[in-house]
Amino acid sequence: MKVKVENLKDNNVKVVVDFTKDEVNKAISDKYAELAKKYKFPGFRAGKAPRPVVDNMFTKEGVLAQVTDDTINKNYPLSIDEANIFPVGQPDFGKEESKLVEEGKAYSFSYKIQVEPKFTLSSYDKVKISLPSAEPTEKDIDAQLDQFREHYFTYEDAGASEKAKKDSTVSLKIEAKDDAGKTIDTLTNDKLSYHLGSQFLPEDFEKKIVGAKKGDKLDFTIDMPKPATVYTQALEGKTKKIKFKVEVNGIQVKKLPKIDDEFAKKNMGFDTVKELREQIKAQVAQEKARMLPLLQENRSLDELAKRLKEEVPKQVCEKKEAQLLQDFFGQLQQAGMTFDQYLASQNLDADKFKADLKKQAADVAKQDAALDAYAEKKGLLATDKEVEAEFKNGDPQNWEKLYEEWKSRGELHIVRQAISRMKAAKDLVDNAEVKVEGEKKPAAKKTQTKK
């Protein structure tokens, strides 16, 4: 089998697959032997029926049609890897019926298919990036302590002159009535601690409270909100307006604790703040050791993607989006979480999730395209031995069978492309010029990309 590739317009190619007359003769001979063995022919042992007898059952044209179908179906996937192309669409074999193979004659078939374009970069020089210091800084430790303070805050009453702001916590005495003047028990409360901005109560209610001071008495009526809020859901369809009488019992301000030895001992289990800071320092160092290699790789890829000269085709982005979506739902299934549960945990709706996924797919597709260009320019394309080694590492006992399965499906190019990108990413990251944030001189490269 020989494969020729002809470039067409719009990232399409025509692939022509040729077979010699000897290859055709062998395929025909093998098919007759297969049919003679598979079916029973009266008067002949299994596999011994001559061609005229087989033709009498299937007709000669029927046998040749089977050989033709097998030739195309089995060799089309193999031709993809042979042609070294990376399809993004389905093959088009044309509308005309394929001619049948003929004994003693060469044979060929062809198809058209859309492939990934050849990408180029504006520069193939090493990328320049900045990273946080690998060593924990006092700022890092202070930031962690501030998170602890936020966790252990308390509320204190503000002064009499303090006015309620959009994010204040207020103590309210509330009396609420419906259209008929009947008290609404679910909204009536002598001492409700309420955080403005939470939107548990209607927005129009919160607007009336903003600017009020301790001791103020407010009397107002609002429309029943649509959609209902958490505190007004039980009123849907029962009243059109809600009449409020509100007294501001007090305005509370958040008080963060002082980080001292008492705080360290009472809340964190350390005798002194110094011991607490040392523990935080160790934890920050451990987290940075885990996080920095990945951050270096991401920033290096982002910088390389900026150099891409061509636009990534829409079909490539859509293919990447489908892949990311499949991976995402696989992870959800492993975690035992439904899609709705995930959206709720991330405070997302389906439209926002879809938009975020589409952007992520476009970004990753652009990075991949840049790596493809980088790998080809730097001579980092995967070799046949590296492709085989990938299968050996994955399943040392059965790698040959797995390799042949991928090859028969025309999917070896997927592995080849992944290895090339991995090699390109490693070379890119290893040679990146890294500047530590806050320092003037670039730091020596130390981190390695993860496989």
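These numbers come from a predicted model, not from an experiment.
Minimum interatomic distance between Gln66 and Lys31 (heavy atoms only, all atoms of both residues): OE1-NZ, 3.9 Å. The minimum heavy-atom distance between Val17 and Met1, with the atom names listed, is CG1-CG, 3.4 Å.
A distance-only check finds a donor-acceptor pair linking the side chain of Glu206 to the backbone of Gln199 [under 3.5 Å]. Side-chain N or O atoms of Thr169 include none that pairs as donor or acceptor with a backbone N or O of His195 at under 3.5 Å. A donor-acceptor contact shorter than 3.5 Å is absent between the side chain of Thr232 and the backbone of Leu235. A distance-only check finds no donor-acceptor pair linking the side chain of Tyr374 to the backbone of Leu304 [under 3.5 Å]. A distance-only check finds no donor-acceptor pair linking the side chain of Asp10 to the backbone of Asn12 [under 3.5 Å]. Formation of a donor-acceptor pair under 3.5 Å by the Ser133 side chain with backbone atoms of Glu135 is found in this model. In this structure, Tyr194 contributes its side chain and Phe200 its backbone to a donor-acceptor pair below 3.5 Å. In terms of modelled atom types and a separation under 3.5 Å, the side chain of Asn25 and the main chain of Gly104 share a donor-acceptor contact. Formation of a donor-acceptor pair under 3.5 Å by the Asp30 side chain with backbone atoms of Ala27 is not found in this model. Distance alone, capped at 3.5 Å, is enough to place a donor-acceptor pair between the Thr137 side chain and the Asp140 backbone.
For Lys401 and Glu404, the salt-bridge test fails: no basic side-chain N is under 4.0 Å from an acidic carboxylate O. The existence of a salt bridge linking Lys359 and Asp363 is confirmed by a sub-4.0 Å separation between a basic side-chain nitrogen and an acidic carboxylate oxygen. The existence of a salt bridge linking Glu103 and Arg51 is confirmed by a sub-4.0 Å separation between a basic side-chain nitrogen and an acidic carboxylate oxygen. Under 4.0 Å is where a charged nitrogen must lie from a carboxylate oxygen, and between Arg421 and Asp368 at least one such pair does. Between Arg299 and Glu437 there is a salt bridge, since at least one side-chain N of the basic residue sits less than 4.0 Å from a carboxylate O of the acidic one. Residues Lys126 and Asp430 are not paired through a salt bridge, judged by the lack of any N-O separation under 4.0 Å between the basic side chain and the carboxylate. No salt bridge links Lys208 with Asp204; every basic N to acidic carboxylate O contact stays at or beyond 4.0 Å.
Taking the side chain as every heavy atom from C-beta outward, Met268 and Phe263 approach each other to under 4.5 Å.
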### Message
Test salt bridge (charged side-chain N to carboxylate O under 4.0 Å, His left out) on Asp18 and Lys4; report intermediate values, then the result.
### Response
CA-CA 8 Å; Asp18 294 321; Lys4 296 179 292 186; 3.4 Å; yes
### Task
Check the pair Phe339, Phe353 against ring pair (Phe, Tyr, Trp, His ring centres under 6.0 Å), reporting the backbone distance first and the verdict last.
CA-CA 10 Å; Phe339 182 55; Phe353 171 83; 5.0 Å; yes
### Message
For a ring pair (Phe, Tyr, Trp, His ring centres under 6.0 Å) check, start with the C-alpha distance between Phe58 and Tyr39, then their side-chain angles and the critical distance, and finish with the verdict.
### Response
CA-CA 11 Å; Phe58 295 98; Tyr39 296 95; 5.2 Å; yes
### Task
Apply salt bridge (charged side-chain N to carboxylate O under 4.0 Å, His left out) to the pair Lys281 and Glu278, showing each step before the final yes or no.
CA-CA 5 Å; Lys281 182 177 180 180; Glu278 287 298 321; 5.1 Å; no
### Steps toward salt bridge (charged side-chain N to carboxylate O under 4.0 Å, His left out) verdict (Asp22, Lys26)
CA-CA 6 Å; Asp22 291 338; Lys26 185 178 185 306; over 6 Å; no
### Task
Check the pair Arg290 / Glu287 against salt bridge (charged side-chain N to carboxylate O under 4.0 Å, His left out), numbers first and verdict last.
CA-CA 5 Å; Arg290 184 191 67 80; Glu287 177 62 18; 2.5 Å; yes
### Task
Could you walk me through whether Leu308 and Leu121 pass side-chain contact (heavy atoms from CB on, under 4.5 Å), step by step?
CA-CA 5 Å; Leu308 193 65; Leu121 303 177; 4.0 Å; yes
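At most 12 non-hydrogen atoms from other residues, nucleotides or ligands lie less than 6.0 angstrom from CD of Gln397. When the shell of 6.0 Å around NZ of Lys274 is examined, it contains 12 or fewer heavy atoms from other residues, nucleotides or ligands. Counting non-hydrogen atoms of other residues, nucleotides and ligands closer than 6.0 Å to CG of Asn347 gives a total of 12 or fewer.
Between Ile113 atom CD1 and Phe93 atom CZ the span is 8.0 Å, to the nearest 0.5 Å. To the nearest 0.5 angstrom, Lys238 atom NZ is 9.5 Å from Met224 atom CE. Rounded to the nearest 0.5 angstrom, Leu131 CG and Lys435 NZ are separated by 12.0 Å.
Partner of Thr120 under the side chain to side chain donor-acceptor pair (under 3.5 Å) criterion, out of Glu376, Glu310, Lys377: Glu310 alone. Just one residue in the list Lys358, Lys352, Lys354 forms a salt bridge (Lys or Arg N to Asp or Glu O under 4.0 Å) with Asp356, and that residue is Lys352.
Looking at Asp302 and Gln367, their side chains do bring a donor and an acceptor atom within 3.5 Å of each other. Looking at Ser193 and Tyr155, their side chains never bring a donor and an acceptor atom within 3.5 Å of each other. No hydrogens or angles considered: nothing links the side chains of Gln144 and Gln283 as a donor-acceptor pair under 3.5 Å.
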